[in-house]
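Start at 1 and go down the list; that is how both ligands and their atoms are numbered.
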Amino acid sequence: MTDRDEPHETTAADGAADAATDGGTTAAGSTAADEATEPPERADDGAISAPTTGAEAVVAALEAAGVDTAFGVQGGAIMPVYDALYGSSVGHVTMAHEQGAAHAADAYGVVAGEPGVCMATSGPGATNLVTGIADADMDSDAMLALTGQVPTEFVGNDAFQETDTVGVTTPITKHNYFAGDADEVGETVGEAFALSSVGRPGPTLVDLPKDVTLGDTDREVGAPEAPAGTEPVPEANEEYVAAAAEAIEAAERPLCLFGGGVIKGGASAEARRFARELGIPVTTTMPGIGSFPEDDDLCLSWAGMHGTGYANMAISHTDCLIAVGTRFDDRLTGGIETFAPDAEVIHVDIDPAEISKNVHADYPLVGDAATVLDQLTAAVSEAPDAADWRDQCTAWREEYPMTYATPDDEPLKPQFVVEAFDEATDDDTIVTTGVGQHQMWAAQFWTYTEPRTWVSSHGLGTMGYGLPAAVGARVAADNAGDEDRDVVCFDGDGSFLMTLQELSVAVRENLDITVAVLNNEYIGMVRQWQDAFFEGRHMASEYGWMPEFDKLAEAFGAKGIAVDDYGEVADAVTEALEYDGPAVIDFHVDPQENVYPMVPSGGDNAQFALTEDQL
Ligand SMILES: Cc1ncc(C[n+]2csc(CCOP(=O)(O)OP(=O)(O)O)c2C)c(N)n1
Ligand SMILES: [Mg+2]
């Protein structure tokens, strides 16, 4: 903190205290002690029974929502809320950086199936959350962010650590709130929590001015409630369902495309029943990984830019695409005009705004994924005659297998590392990733069979997501009593560098996670694109030097292992997984390895390249 900062912070805090205690007039010279409030009364379970301040109402709302853990970083404007957390049943994990708090909360929500909660102070605390909020927004992940704000009377004055958090986050939240009243703030927080998971999930935020959290209230806080009328109608229009069912019955080459909405909607069981009863092959999107078991004969794995050749062939040749819970992202579709060109499209989505946004829906079925899949299963009276089509899909699977070469004279291949972890772990293992080549290999060379086991940054593509996501995923699994579940983060060297300070959190909290750094000393994905599209000019993509991540891990107090050769992989994997706490393996992998198949941006999914010269 600079000399200039310090008096400012004191002044702003003083103003807050005064605003709370004397209705907003500022008395110079008051001290931080003015802020102190009595600890709240708590019931036997630790919950605040009768909040007396706005901050206590905020915490009472979290308690009423059943929040187990919040992730955050302290600071001046959010201090009253933290103070009310003292002794609460809501646990708190202090993160190293607010971006880490947002990613941890996001991943917690993905694994737990309920909104994760992150907290930060005003100004830089709030702006540090922004990447994580945008990430959750792009991936439709339920999350509640609570941010401190300067006292209401200072808003607009460029007060110390003032940022217009509501303004900054409006485009990247499902909804946000500026809390204006200590009596209402508990209800507002409950509403924001509930709203984040109603219908299509997404992040919500409540900005909490310090005078409001310090302000008096005697209002009790009830269970969280989304605004009346926001609960969507679960069933799709019966006429449309009947028409879609007819299209499915008549299809010769039907194909399911299950997106992240299948997982978020808790519809994996319904999706499995639908595809299996009707004998329809399945592809998924990247966020949909785990919605359908990849070891099932019907499963063609995930489609899109780096998806399997057989998934992309199936999409390019289907005559009836049953797409559930997907927004048809461009990394999935490639060029829209060449996407599923022969198909009638049945689009099931909870959000009407997604219908015909990117891909025209011939049969728009707006509703809850599980409910509509059951409607469709019931409405289809005869399974389509798709035996030849299934054979064709199997033939594509054999024609374009997911393989990689391991010549003796080339360094360790990253795909081998992913496979080694997959073999050494159970099906319920949670995988988190950074963004880049390693993310694609983690998606391609691991066989996912369960929902909520693949935790990655899709829409925003945020380097640095992996480690804090592993922290959040670990806490979610532990809170659910699943201490035996493994959590493995596949990180890139570049991605790891962006958030590796969260290793301090994993050590402090003794979180059992394994970080596998697929260290190619490159911004590998960018290097791959430079080789393919920029004539090999490696501008700013070659690190050429990286810290020794195993030693760095040891310096943090984690276990550190370095691996160079195939022969060392199995033992290192076992050692890291068996270690009770955070372990980092620095895998020195082939810097020249590329991710294939690849559909170039905006290209035709059927024209995927298997080598660079095909691009
Ligand atoms: C925050 C952020 N900055 C920049 C990018 C652009 N980008 C995409 S992949 C990538 C390379 C990531 O390097 P690394 O984590 O080492 O992964 P690798 O591709 O080498 O496996 C970059 C810079 C990004 N996705 N996110
Ligand atoms: Mg790299």
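Within the protein, the N, O or S atoms sitting under 2.8 Å from the Mg ion (ligand 2) are Asp493 OD1, Asn520 OD1, Tyr522 O.
Ring geometry for Phe608 against Tyr400 counts as perpendicular: the plane angle is over 60°, on a 0 to 90° scale with 30° as the lower cut. Note on ring orientation: taking the six-membered ring where Trp is involved, the planes of Phe533 and Trp529 are perpendicular (angle over 60°, cut-offs 30° and 60°).
Sparse packing is recorded around CG of Asp408, with 12 or fewer heavy atoms of other residues, nucleotides or ligands lying under 6.0 Å away. A 6.0 Å sphere centred on CG of Asp158 holds no more than 12 heavy atoms belonging to other residues, nucleotides or ligands.
Between Asp141 and Lys264 there is a salt bridge, since at least one side-chain N of the basic residue sits less than 4.0 Å from a carboxylate O of the acidic one. A salt bridge links Glu354 with Lys357: the closest approach of a Lys/Arg side-chain nitrogen to an acidic carboxylate oxygen falls below 4.0 angstrom.
Among Thr284, Val262, Thr326, Val282, the one residue that satisfies the side-chain contact (heavy atoms from CB on, under 4.5 Å) test with Leu257 is Thr326.
Near ligand 1, residues Val435, Gly436, Gln437, His438, Gly461, Met463, Gly492, Asp493, Gly494, Ser495, Met498, Asn520, Tyr522, Ile523, Gly524, Met525, Val526 each place a heavy atom inside the 4.0 Å sphere around the ligand atoms.
At a threshold of 4.5 Å between non-hydrogen side-chain atoms, the residues Tyr177 and Leu195 count as touching.
Side-chain atoms of Asp604 come within 3.5 Å of backbone N or O of Ala606 as a donor-acceptor pair.
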